[in-house]
Amino acid sequence: MTSGMRNSLDLEGRPQDTRIVVAMSGGVDSSVTAALLKSEGYDVVGITLQLYDHGAATHRKGACCAGRDIHDARNVAERIGIPHYVLDYESRFRESVIDNFADSYALGETPVPCIECNRSVKFRDLLATARELGASALATGHYVASRRLADGSRALVCAADADRDQSYFLFATTREQLDYLRFPLGDMTKPQARELARRFGLEVADKQDSQDICFVPTGRYTDIIGRLKPGAIEPGDIVDLEGHVIGRHQGIVHFTVGQRKGLGIAAGAPLYVVKLDAASRRVVVGPREALRMDRIRLRDINWIGDGLLDRVIGDGIEMFVRVRSTRAPQPAWLRAVDGGYEVELVAGEEGVSPGQACVFYDAPAGQARVLGGGFIKSATATNTVARAGAQQTMTPLPEVMRT
């Protein structure tokens, strides 16, 4: 291959001269990723991370990275003829993911541990290991894609299969990480991936997808929080919007903003969790309309759009944001406010919960580009938002992206 020509992973060099580390969880997606790259002639090395004490989860369906999954990953590697290593990342995972998960719940938040795992353990620690092994890239089975931009950098875009898109969980990926990461399944559908698994003769072709938090083998996350943060399980009051006590609870960790069931309160109309006050151990409830928020304060912003955020933001950037993984992106504006960043939702959103991510996109559907995002610090409802005037001062997104 002549110099300058690029292979199927958009890397220079022939596949057989290109080492790729594949993060193998033991599921069908990462297994297909490894098998596909091997079939194309790449020098593939499979790595599976042991992230927690998996004894209790060994035979439990719906959990990833457990003992059964390590066994499956090893079998796949043997089947396709690649070296396979299991790395003990338990201490890193506990410090970066499990402890943060418990801390967040104790603060009255609803965390997303998969985001923290991706940005720290996988795309920081494992990525560094891949470099040490001389790999040209780290490939994963995530349903998301990346595209080379005119300047040679890479953009993160939504998967072709909207039902499987995992971009929400990868918003914290940095530009440097994107340059090194590859997502071979980004333009495939899940049925296509399973068909490839059958074609490659992989036993995991029909394996059930992981659905629960991987380090909670019993499905009872409160057990872990109670052990690490006993104070988060202490009882407290359930109050209405005016602060009147209308019930008791056994710990704020049992609740999340937007929750309706399990409140244990008899009322003439449905009540929803509107706010969690960790300091006073109070669960604030109210009618559904009290859930609608239109301003979101963010922390830990990661910007992977064009240019530097502080230079392009101006009076605000028009974009689309997703405030939960199951929600569709909706129109919003991102502004710099009081030394931080704030999102204004055009139509408002129900159940905006601190600890969740607010992810930025350049389009509401399709293979939209991910512009970054941040974690929700707080949300408020305002009835006097001058949207018409604000819209005239917003910097249109296409213009920002050309900066």
Between Glu349 and Arg292, does the salt bridge (Lys or Arg N to Asp or Glu O under 4.0 Å) criterion hold? Intermediate values first, please. CA-CA 5 Å; Glu349 182 76 89; Arg292 186 161 290 277; 5.6 Å; no

Walk me through whether Arg148 and Asp179 qualify under salt bridge (Lys or Arg N to Asp or Glu O under 4.0 Å). CA-CA 9 Å; Arg148 171 180 282 269; Asp179 287 342; over 6 Å; no

What's the verdict on side chain to side chain donor-acceptor pair (under 3.5 Å) for Thr380 and Arg295, showing C-alpha distance, side-chain angles and the deciding distance? CA-CA 5 Å; Thr380 56; Arg295 288 189 184 274; 5.7 Å; no

Worked check of side-chain contact (heavy atoms from CB on, under 4.5 Å) between Ile80 and Val44: CA-CA 10 Å; Ile80 64 178; Val44 178; 5.7 Å; no

Show the numbers, then the answer: is there a side-chain contact (heavy atoms from CB on, under 4.5 Å) between Leu334 and Glu318? CA-CA 7 Å; Leu334 175 68; Glu318 184 179 4; over 6 Å; no

Step by step, would you call Tyr89 with Thr129 a side chain to side chain donor-acceptor pair (under 3.5 Å)? CA-CA 11 Å; Tyr89 274 29; Thr129 298; 2.8 Å; yes

Before giving the answer on side-chain contact (heavy atoms from CB on, under 4.5 Å), spell out for Thr110 and Val257 the whole-Å C-alpha distance, their side-chain angles and the decisive distance to 0.1 Å. CA-CA 8 Å; Thr110 304; Val257 172; 5.8 Å; no

Start with the C-alpha gap between Ile296 and Val323, add the side-chain angles, then the distance that decides, and say whether side-chain contact (heavy atoms from CB on, under 4.5 Å) holds. CA-CA 10 Å; Ile296 302 174; Val323 297; 3.7 Å; yes

Verdict with reasoning, Arg335 to Glu342, per salt bridge (Lys or Arg N to Asp or Glu O under 4.0 Å): CA-CA 5 Å; Arg335 293 193 183 92; Glu342 184 178 273; 5.2 Å; no

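The number of heavy atoms from other shown groups lying within 6.0 Å of CZ (Arg288) does not exceed 12. Within 6.0 Å of CD on Gln192 lie more than 12 heavy atoms contributed by other residues, nucleotides or ligands. Other residues, nucleotides and ligands place no more than 12 heavy atoms under 6.0 Å from the CD atom of Glu203. Surrounding CD of Glu195 are more than 12 heavy atoms belonging to other residues, nucleotides or ligands, all under 6.0 Å away.
With hydrogens and angles disregarded, a donor-acceptor distance shorter than 3.5 Å links the side chain of Asp294 to the backbone of Thr382. In this structure a side-chain-to-backbone donor-acceptor pair under 3.5 Å is missing from Asp237 to Val239. Under the 3.5 Å distance criterion, the side-chain polar atoms of Glu116 are left unmatched by any main-chain donor or acceptor of Pro113. When atom types are taken as modelled, the side chain of Arg175 and the backbone of Gly305 share a donor-acceptor pair closer than 3.5 angstrom. Of the possible polar contacts, none joining the Tyr221 side chain to the Ala102 backbone as a donor-acceptor pair under 3.5 Å is found. In this structure a side-chain-to-backbone donor-acceptor pair under 3.5 Å is missing from Gln356 to Cys358.
Across all their heavy atoms, Thr33 and Pro184 have their closest contact at CG2-CG, 3.7 Å. Nearest approach of Val273 to Thr256, heavy atoms of both residues: CB-O, 3.4 Å. Between Ala130 and Leu138, the closest heavy-atom pair is CB-CB, 4.4 Å. The two residues Ala145 and Gly186 come nearest to each other via the heavy atoms CB-CA, 4.0 Å. Closest heavy-atom contact between Arg14 and Thr18: O-OG1, 2.8 Å. Between Tyr168 and Ile115, the shortest heavy-atom contact is O-CD1, 3.9 Å.
With contacts defined as side-chain heavy-atom distances shorter than 4.5 Å, the pair Gln367/Asp187 qualifies. Within the 4.5 Å cutoff, side-chain heavy atoms of Phe101 are placed close to those of Ile225. Asp69 is listed as a side-chain neighbour of Lys207, based on a closest heavy-atom distance under 4.5 Å. A heavy-atom distance below 4.5 Å is found between the side chains of Arg322 and Ser167. Two residues are said to be in side-chain contact when any heavy atoms from C-beta on lie closer than 4.5 Å; Arg164 and Asp209 meet this criterion. A heavy-atom distance below 4.5 Å is found between the side chains of Cys158 and Tyr361. A heavy-atom distance below 4.5 Å is not found between the side chains of Val343 and Met319. Considering only heavy atoms from C-beta on, Lys190 comes within 4.5 Å of Asp29 through its side chain.
Here Lys377 does not pair with Asp300 in a salt bridge; the nearest charged N to carboxylate O distance is not below 4.0 Å. Between Glu234 and Arg281 there is a salt bridge, since at least one side-chain N of the basic residue sits less than 4.0 Å from a carboxylate O of the acidic one. Salt bridge annotation for Glu109-Arg299: present, with a cationic side-chain nitrogen under 4.0 angstrom from a carboxylate oxygen. Under a 4.0 Å N-O distance rule, the pair Asp72/Arg68 qualifies as a salt bridge. Between Asp103 and Lys229 there is a salt bridge, with a side-chain nitrogen of the basic residue lying less than 4.0 Å from a carboxylate oxygen of the acidic one.
Note that the CZ atom of Phe93 and the CD1 atom of Ile98 stand 5.0 Å from one another [nearest 0.5 Å]. If you take CG on Leu126 and CZ on Arg92, they are separated by 9.0 Å, rounding to the nearest 0.5 Å. Note: Trp303 CH2 to Ile317 CD1 = 4.0 Å, rounded to the nearest 0.5 Å. Atom CG of Leu185 sits about 10.5 Å away from atom CG of Asp161, to the nearest 0.5 Å. Distance SG/Cys117 to CG/Asn100: 11.5 Å, rounded to 0.5 Å. Within the model, atoms CZ of Arg369 and CZ of Arg147 stand 12.0 Å from one another, a figure rounded to the nearest 0.5 Å.
Under the 3.5 Å distance criterion, with hydrogens and angles disregarded, no donor-acceptor pair is assigned to the side chains of Thr173 and Asn118. Defined by atom type and a distance below 3.5 Å, a donor-acceptor pair is missing between the side-chain atoms of His254 and Thr222. A donor-acceptor pair shorter than 3.5 Å cannot be found between the side chains of Ser378 and Arg297.
Applying the ring-ring contact (aromatic ring centres under 6.0 Å, His included) rule to Phe200 yields no partners; only residues at least two apart in sequence or on another chain are considered.
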Only pairs under 3.5 Å count here: list side-chain donor-acceptor contacts from residues 34-43, not counting sequence neighbours, and write none if there are none.
unit_1	atom_1	unit_2	atom_2	d
Ser39	OG	Leu36	O	2.6
Glu40	OE1	Ser8	OG	2.7
Tyr42	OH	Asn7	OD1	3.3
Tyr42	OH	Ser8	N	3.2
Tyr42	OH	Ser8	OG	2.7
Tyr42	OH	Leu9	N	3.3
Asp43	OD2	Arg19	NE	2.9
Asp43	OD2	Arg19	NH2	3.3

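Phe375 has its ring centre less than 6.0 Å from the ring centre of Phe171. Between Tyr180 and Phe123, the distance from one ring center to the other does not fall under 6.0 angstrom.
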